[in-house]
Amino acid sequence: MVCWLPIVNISSAIFDCSAPYLDSCPDESLPEFAFIGRSNVGKSSLLNMLSGKLDLARVSPTPGFTKLINIFTMNRTWRLVDLPGYVFAAGARKEKFKFNRAVDAYLKHRTSLCCVFALLDSGLPPQEIDLEFVAWLARNSVPFVLVFTKTDKVTAATVQTNIAAFTARISGWFEKLPAIYTCSAMAKQGREELLGVIDEALTAIRAESGQAQPEVVIPPEDLTTTDQKVSARTARKKRPDLARPW
Ligand SMILES: Nc1nc2c(ncn2[C@@H]2O[C@H](COP(=O)(O)OP(=O)(O)OP(=O)(O)O)[C@@H](O)[C@H]2O)c(=O)[nH]1
Ligand SMILES: [Mg+2]
């Protein structure tokens, strides 16, 4: 069966900045989609795969490589954000995730954040650190989808077993489960589906702000108008709706 998805066509992908703090991020006039997950889970690689530019974000086999909030602008109208990964908190009584204060502030307060792609390794059974992080996202009303990465490294059956086990652990926390996707940056699997998530969110934002036309390229100097900022803030106010598919 052929499934037609509305796909964001990325014609330009540009590195914007590396921000050490929330306050040093660019203004909130453009919708953003951020990648988060354990160190080394494949955040930067997935960002590159989606953008179509394999050298946009820096990839490394060394866990903890991405240390700043790295922001990239697509088509001059929306952004992808590569966040530093979380790690095990040293000395915690039980397994506990830890990420830097800038990431905490970004996820809680960035008004233009539309959706977080929460990445999980498809080759692993549910990890307590990831479960805790998903609970944290829900508690803090951060809109997110789950993305199981590196599907090329294991069999399809293993991927499905691990997804089912993870889903079973979190199902009691939600009225409606978060949307679940799989991807492989290596095998370029999952690109259309994840761009579909972005496309849907951008379409919803456009419709809500009364401009349900196709995506248009807006010159940067026109993006600082009050209208644009208000619409980004309005979008944020709808963040707590966990039943939303994105
Ligand atoms: N086989 C396979 N390897 C992958 C895939 N995605 C990423 N990797 C590898 O996993 C390692 C980590 O990838 P990154 O994209 O840098 O991971 P990250 O989550 O950004 O890591 P940090 O910035 O350290 O938190 C690199 O060696 C990648 O080549 C994938 O889909 N398949
Ligand atoms: Mg990285």
Side-chain angles (χ1 to χ4, degrees), residues 10 13-21 25 32-74 79-90 95-107 113 115-134 136-137 142 144-160 162-163 166 180-195 197:
I10 300 176
I14 294 163
F15 169 71
D16 216 323
C17 68
S18 291
Y21 312 108
C25 289
E32 286 175 3
F33 301 86
F35 300 87
I36 184 80
R38 209 137 42 99
S39 271
N40 216 39
V41 73
K43 300 173 292 294
S44 304
S45 303
L46 178 58
L47 186 150
N48 289 343
M49 197 260 276
L50 293 188
S51 74
K53 264 195 181 177
L54 295 187
D55 58 351
L56 196 59
R58 292 184 61 196
V59 167
S60 165
T62 312
F65 190 76
T66 305
K67 293 199 165 47
L68 299 166
I69 299 174
N70 293 313
I71 303 183
F72 304 87
T73 300
M74 307 293 124
R79 296 188 176 117
L80 291 178
V81 180
D82 191 17
L83 294 170
Y86 49 81
V87 293
F88 292 100
E95 274 181 343
K96 216 171 168 20
F97 71 90
K98 184 180 111 192
F99 47 40
N100 70 37
R101 286 174 65 179
V103 177
D104 181 279
Y106 176 90
L107 291 173
L113 178 59
C115 182
V116 170
F117 293 97
L119 273 50
L120 305 158
D121 190 327
S122 69
L124 298 176
Q127 304 287 298
E128 292 304 321
I129 188 175
D130 294 326
L131 289 159
E132 276 193 26
F133 179 67
V134 168
W136 184 93
L137 287 175
V142 180
F144 68 96
V145 299
L146 298 176
V147 184
F148 288 82
T149 62
K150 305 191 186 182
T151 54
D152 60 284
K153 288 181 77 175
V154 284
T155 64
T158 302
V159 171
Q160 287 316 315
N162 289 335
I163 291 177
F166 197 90
I180 294 175
Y181 297 88
T182 60
C183 77
S184 162
M186 190 77 88
K188 302 202 171 27
Q189 180 259 315
R191 185 170 188 268
E192 293 190 359
E193 290 81 359
L194 293 173
L195 286 179
V197 172

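For ligands, and for the atoms within them, numbers begin at 1 and follow the listed sequence.
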Under 4.0 Å from ligand 1, counting heavy atoms only, is it the side chain of T151, its backbone, both or neither?
->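 T151 to ligand 1: no contact under 4.0 Å from either part.
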Note: R38-D121 ion pair, threshold 4.0 Å (strictly below) =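 A salt bridge is absent here (no side-chain N lies under 4.0 Å from a carboxylate O).
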Could you say whether the N/O atoms of [X] and ligand 1 ever approach to under 3.5 Å?
| X | value |
| --- | --- |
| G64 | yes |
| M186 | yes |
| G42 | yes |
| S60 | yes |
| K153 | no |
| C183 | no |
| D152 | yes |

Selection from P84, G37, S45 by shortest heavy-atom distance to atom 13 (O) of ligand 1 =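 Looking at heavy atoms only, the winner is S45.
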Could you check which of K188, K150, Q189, M49 puts a non-hydrogen atom nearest to atom 8 (N) of ligand 1?
->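 Result: the heavy atom closest to atom 8 (N) of ligand 1 is in K150.
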Donor on one side chain, acceptor on other, Y106 and E32, under 3.5 Å |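 Their side chains do contain a donor-acceptor pair, which is all the 3.5 Å distance test asks for.
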Within a distance under 4.0 Å of any heavy atom of [X], pick out the atoms of ligand 1 and give their elements.
| X | result |
| --- | --- |
| N40 | 11 (C), 12 (C), 17 (O), 18 (P), 19 (O), 21 (O), 22 (P), 24 (O), 25 (O) |
| P61 | 27 (O) |
| P63 | 24 (O) |
| S39 | 25 (O) |

Would a line drawn from the ring center of W136 to the ring center of F99 be shorter than 6.0 Å?
->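 Centroid distance W136-F99: below 6.0 Å, so yes.
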Between [X] (side chain) and [Y] (backbone), is there a donor-acceptor pair under 3.5 Å?
| X | Y | answer |
| --- | --- | --- |
| K53 | A13 | yes |
| T149 | V41 | yes |
| Q127 | P125 | yes |

To the nearest 0.5 Å, what is the distance between CG (L124) and NZ (K150)?
->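 One gets 9.0 Å once the value is rounded to the nearest 0.5 Å.
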What angle, to the nearest 10°, do the atoms OG (S44) and OG1 (T66) form about the Mg ion (ligand 2)?
->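 If I round to 10°, I get 100°.
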Does any N, O or S atom of S60, backbone or side chain, fall under 2.8 Å from the Mg ion (ligand 2)?
->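 It does not: S60 brings no N, O or S atom closer than 2.8 Å to the Mg ion (ligand 2).
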